[in-house]
Engineer: 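Have a look at this one.
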Amino acid sequence: RKEVEQDPGPFNVPEGATVAFNCTYSNSASQSFFWYRQDCRKEPKLLMSVYSSGNEDGRFTAQLNRASQYISLLIRDSKLSDSATYLCVVIHSGGYNKLIFGAGTRLAVHP
Amino acid sequence: DAGVIQSPRHEVTEMGQEVTLRCKPISGHDYLFWYRQTMMRGLELLIYFNNNVPIDDSGMPEDRFSAKMPNASFSTLKIQPSEPRDSAVYFCASSPGGSETQYFGPGTRLLVL
């Protein structure tokens with residue numbers, strides 16, 4: 001079993017739609033959580049950190065459920081420019097900045 | 001400010017040849033990471049350095065792979081001899097001390113024939 005599991009998608013949604021991605025992690029000692037975004041043939045870039053209380057950044061909302069070892073990302077009012085692969089990332093306690101990546105969920109937003 | 005710089009951006013080589021990938025981290029960053037990305041296995045951490053010292057190389061697939069960081073502004077990942085299964089995108093990333101955010105370079109696309 002992979003340490004970080006994501007639905008690979010693709011999610012095909014129209015502009016303006018709300019879409020949610022889920023992620024589960026297996027190591028209960030995981031302490032830090034992130035969503036990275038990777039455009040086609042580009043490098044991954046940090047989208048947002050995920051905090052225990054949940055956090056929002058514009059149209060993006062991230063949630064963490066430590067009891068269920070579950071992370072989510074909600075995108076509201078999807079734009080064409082949101083089309084990318086979204087990578088769920090965790091760091092274990094004592095992991096010294098060692099990022100563990102999920103395989104990613106691909107999102108395609110169409111007109 | 002310049003981001004992480006990697007060279008070459010593309011490399012095509014024949015099986016058995018030596019391949020050297022290069023990385024210049026963001027100035028002032030204490031941590032440097034080498035990743036490999038394939039369709040089958042996703043993004044995998046190969047090795048990382050802190051203050052030029054290798055900290056964790058448990059992700060290095062086998063002895064054919066080696067990495068060095070002779071100074072704070074330069075690192076290499078070498079594959080010798082290369083094999084077709086090494087074909088992948090290799091990313092270098094750097095991070096400042098005290099931060100968990102990593103900044104990735106544009107990657108090197110390696111194709112071993």
Side-chain angles (χ1 to χ4, degrees), chain A residues 1-10 21 23-27 29-52 55 57 60 62 64 71 84-107, chain B residues 1-7 9-10 21 23-26 29-51 53-60 87-111:
Chain A
R1 183 187 172 192
K2 292 183 180 178
E3 289 195 61
V4 180
E5 300 260 18
Q6 294 183 250
D7 181 341
F21 305 139
C23 166
T24 58
Y25 58 95
S26 60
N27 191 327
S30 299
Q31 65 175 14
S32 300
F33 310 88
F34 310 90
W35 285 100
Y36 274 69
R37 169 190 169 135
Q38 187 172 23
D39 293 310
C40 187
R41 300 180 72 82
K42 298 286 189 181
E43 71 273 22
K45 292 183 180 179
L46 178 67
L47 177 66
M48 59 194 302
S49 301
V50 186
Y51 302 118
S52 296
N55 49 297
D57 182 1
F60 298 82
L64 169 64
I71 305 160
T85 296
Y86 291 83
L87 302 163
C88 178
V89 184
V90 306
I91 296 180
H92 299 161
S93 173
Y96 303 105
N97 291 10
K98 188 172 176 179
L99 302 182
I100 310 296
F101 283 83
T105 298
R106 196 153 59 89
L107 172 65
Chain B
D1 286 341
V4 175
I5 298 172
Q6 291 188 246
S7 66
R9 295 292 304 277
H10 302 272
L21 311 181
C23 175
K24 177 178 168 54
I26 294 172
H29 283 192
D30 299 334
Y31 289 84
L32 183 140
F33 306 81
W34 282 102
Y35 291 88
R36 177 172 69 176
Q37 187 173 36
T38 61
M39 288 293 291
M40 290 297 294
R41 299 174 68 89
L43 258 170
E44 301 174 288
L45 177 66
L46 300 177
I47 184 171
Y48 79 93
F49 296 82
N50 178 215
N51 292 322
V53 176
I55 302 300
D56 185 342
D57 65 354
S58 59
M60 295 286 262
S87 298
V89 182
Y90 291 82
F91 288 104
C92 176
S94 69
S95 175
S99 171
E100 293 174 325
T101 302
Q102 294 185 14
Y103 299 84
F104 283 74
T108 295
R109 293 185 175 276
L110 173 66
L111 177 61

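Chain identifiers are assigned alphabetically (A, B, ...) following the order of the sequence lines, protein sequences preceding nucleic acid strands; residue numbering begins at 1 within each chain.
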Engineer: Using a 6.0 Å cut-off, check whether atom CZ of A:R106 has over 12 heavy atoms from anything other than its own residue.
Structural biologist: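 Counting neighbours around CZ of A:R106, 12 or fewer heavy atoms of other residues, nucleotides or ligands fall under 6.0 Å, so no.
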Engineer: When rounded to the nearest 0.5 angstrom, what is the spacing between CG in B:L45 and NZ in A:K98?
Structural biologist: 6.0 Å
Engineer: For the interface with chain A, which of B:M39, B:R41, B:E100 has the highest count of heavy-atom pairs at distances below 4.5 Å?
Structural biologist: B:E100
Engineer: Less than 4.5 Å to any heavy atom of chain A: does that hold for the side chain of B:S58, its backbone, both, or neither?
Structural biologist: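 The side chain, not the backbone.
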Engineer: If you count heavy-atom pairs under 4.5 Å with chain A, which of B:G59, B:S95, B:P106, B:A93 comes out on top?
Structural biologist: B:P106
Engineer: With a 4.5 angstrom heavy-atom cut-off, which part of A:K42 approaches chain B: side chain, backbone, both or neither?
Structural biologist: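 It is the backbone, since no side chain atom gets that close.
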Engineer: Please state whether the side chain, the backbone, both or neither of A:I100 comes within less than 4.5 Å of a heavy atom of chain B.
Structural biologist: neither
Engineer: Please state whether the side chain, the backbone, both or neither of B:N50 comes within less than 4.5 Å of a heavy atom of chain A.
Structural biologist: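 Contact with chain A is absent: no heavy atom of B:N50 under 4.5 Å.
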Engineer: Kindly give the heavy-atom pair with the smallest separation between B:F91 and A:Q38, and that separation in Å.
Structural biologist: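 Result for this residue pair: CZ-NE2, 3.7 Å.
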Engineer: Looking at every heavy atom in both B:G105 and A:E43, which two are closest together, and how far apart are they?
Structural biologist: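 Heavy atoms only, the tightest pair is O-CB, 3.0 Å.
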Engineer: Going by side chain to side chain donor-acceptor pair (under 3.5 Å), name the residues that satisfy it together with B:Y35, two or more places apart in sequence or in a different chain.
Structural biologist: B:Q102
Engineer: Under a 4.5 Å heavy-atom cut-off, does chain A meet the side chain of B:L43, its backbone, both or neither?
Structural biologist: both
